[in-house]
Number of protein chains: 2
Amino acid sequence: MSPTLVEVSRRAGVSTATVSRVINKSALVTEATRAKVMKAIRELNYHPSRAARMLARQSTETIGVVFPDIQGGFFAEVLHGIDLEVTDTRYHLITAFAHGTQDESSLVEGFLYERSVDGLILMNLALPEEFLKTISTRDMRVVLIDRPAPGFPSVCIDNGTGVVSALAHLTETRGYSRIGFVQGPIGTYDAEERWSACKAFARDKGLILNDSWILNGDFSEGAAFAAIDQLILSGGELPEAFFCLNDHMAFGVMEACRKHGVSIPGDLAVVGFDDGYTARLLRLTTVHVPLHEMGRLAASEAMKGKDEDAAHHVLQTELVIRDSCGSN
Amino acid sequence: MSPTLVEVSRRAGVSTATVSRVINKSALVTEATRAKVMKAIRELNYHPSRAARMLARQSTETIGVVFPDIQGGFFAEVLHGIDLEVTDTRYHLITAFAHGTQDESSLVEGFLYERSVDGLILMNLALPEEFLKTISTRDMRVVLIDRPAPGFPSVCIDNGTGVVSALAHLTETRGYSRIGFVQGPIGTYDAEERWSACKAFARDKGLILNDSWILNGDFSEGAAFAAIDQLILSGGELPEAFFCLNDHMAFGVMEACRKHGVSIPGDLAVVGFDDGYTARLLRLTTVHVPLHEMGRLAASEAMKGKDEDAAHHVLQTELVIRDSCGSN
DNA sequence: CACTTTCCTGTAAGCGTTTACAACTATGAG
DNA sequence: CTCATAGTTGTAAACGCTTACAGGAAAGTG
């Protein structure tokens, strides 16, 4: 089949160790033997076997990415960022998505146990505190995107500032005072942080939170659609604006409004959070999150040595004003 | 570090071969020894090393996915389909994206040479005919998404029928006769097929193709935007409808129209091709392509034995009528 | 010239599995 | 009781690379 080190060494008339030194660019090889070996390598079209290398070196030069999903653009953009960072290195990227059906912990365990990756990037996964502890004892670099945790490198965003910029725009610039919210899934870090910031803003600015305008969501379009649909069908009054804790839910709100002939932004302003690809096309005012940058940072953390410091990155967000939050 | 086969065998008081037989569910092991071994495995929390397995078995149980990109939803949905099919098997998924910057051939070669995957899924890559020939001699299952090629399993879509359904709708149902086109990149199979079908339709139905309404695109939003922008700025007359050979370009057309105050569908009808996630939200009339299904089929082909027949799948498309092609 | 030192190269022992083949045990037949 | 047979288990050689260590040649030193 494919030629091996041994065949190359025979052809070049040197030992396997020397060939190995050449392909690993070790300094201690004469230019002359180097040339001989390179010639043999070229003639045989030799390429080292990844499996054999992994075993011998006890390192895989692979990083694993575990996401809840890959649909909808959000995670895809982070993955894009990761890939950009990994390109041009010798690292490979191996991906696994939970799709809401797979047990997220066992996906992660798979990578951990079979030692198929050197580093792991985990994003928005529901992992028990307990489980994280177990992970941290393993000889693997695990970086979390979305939440800080002691002992782990992580990349998060400044949710608080993002929320404030959005709400300040709605209340101060636009002058709305009757504001509704579509919450994220309880238990996830981003959702909790964003909602806390909303409550803090309301308290600080004397904004009144009306319970019937605080809708439950799970970061999915469908849940937000259903919540608004329900609100309208039940004859409930609408607020002047809805702040949705992510873009997908904003899309759900928009869809529900379209269904019922509620005009945006005429009858209702809508603001999202994330600013994925689709938000721009839908002209959604939203809080921009640097998704690529998050991916790049996470990847560079994951490729660091296992013992390097676990840096904790917090990226800034920025309100992007488009058409969905009021006429200009 | 992690326990190995040897440690398990010692603890269970059996040979490594026996342990191997147990973890591989080989039949020729007494229930009694099986139990002993399983106990030792559990006690040590043993898990086989993927690297060692790869080397010993000469198979990786990994399939590689090479796409031009991962942004924009289109490829992400196919990847989702692939992942769905791979979940619950022991296969891993390793991804690489070209981003327009990487040399696509060398990405593929990487996988080929280092034998890091058993199968490869290639989509919409610009690979020289010559190169495909080289690949086919290798001991690897390569499936192409987007084009048929002798000796390779492939999954394609019925572009012709999709084009006809879209154009028939525009001309017959809507009654438009002045139709413009935004073409895809020359040299790619899908773009060529779709454009051929357009020309055939025009010929058959006596539709007149006006050169100034045949715009060059490269399947990207930006190119389509620029083309329309240019057309409008130069004072050119617009057709009644634009058929864009993929969704992204339709989005570009819509954006350009928005910029210039051209109302869709009032002043101009727009139809796309692909029906990704965003198309539904933008209410774009488009030809639905079963992206998930393509991914699933490709994955199942890729996981087949290397010598099994190379099946050639052609999936059906379906026109999805939304709001962008005329008032209802 | 003998002896270090420096450089380069080779030998061989891993890395953690799988698996062909040999060896052993128990069983039943003759 | 002997021997073939079937069913389990063990031995040891791969798989293709890396790397600690040893060995040898050339060059420098006194």
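Letters A, B, ... mirror the listed sequences (proteins, then strands); counts begin at 1. The structure displayed is predicted, hence computed values, not measured ones.
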To the nearest angstrom, the CD-C1' distance between B:Glu61 and C:dT18 comes to 13 Å

Between CZ of B:Arg10 and P of C:dG16 the distance, given in whole Å, is 12 Å

Under 3.5 Å: donor-acceptor pair, side chain of B:Arg115, backbone of B:Tyr113
yes

Worksheet item: With respect to the phosphate group of D:dG7, does any side-chain polar atom (N or O) of B:Thr30 fall under 4.0 Å of OP1 or OP2?
Response: no

* Would you check, one step at a time, whether the test salt bridge (charged side-chain N to carboxylate O under 4.0 Å, His left out) holds for A:Arg10 with A:Glu7? => CA-CA 5 Å; A:Arg10 263 204 289 273; A:Glu7 300 171 43; 5.8 Å; no

Report task. Could you please spell out the steps behind the side-chain hydrogen bond (donor to acceptor under 3.5 Å, both in side chains) verdict for A:Ser220 and A:Asp218? Result -> CA-CA 5 Å; A:Ser220 81; A:Asp218 58 5; 2.6 Å; yes

Quick note, B:Ser15 side chain, CB onward, closest among C:dC8, D:dG10, C:dG10 is D:dG10

Between NZ of B:Lys36 and C1' of D:dT8 the distance, given in whole Å, is 11 Å

*Parallel, tilted or perpendicular for A:His99 and B:His80, by the 30°/60° rule?*
tilted

Letter by letter from the 5' end, nucleotides 15-20 of chain D scores (B base, S sugar-phosphate only, - none; protein heavy atoms under 4.0 Å) BBBBBB

4.5 Å side-chain heavy-atom contact, B:Arg147 and B:Leu132:
yes

Within a reach of under 6.0 Å around CZ of B:Arg57, are more than 12 heavy atoms found that belong to other residues, nucleotides or ligands?
yes

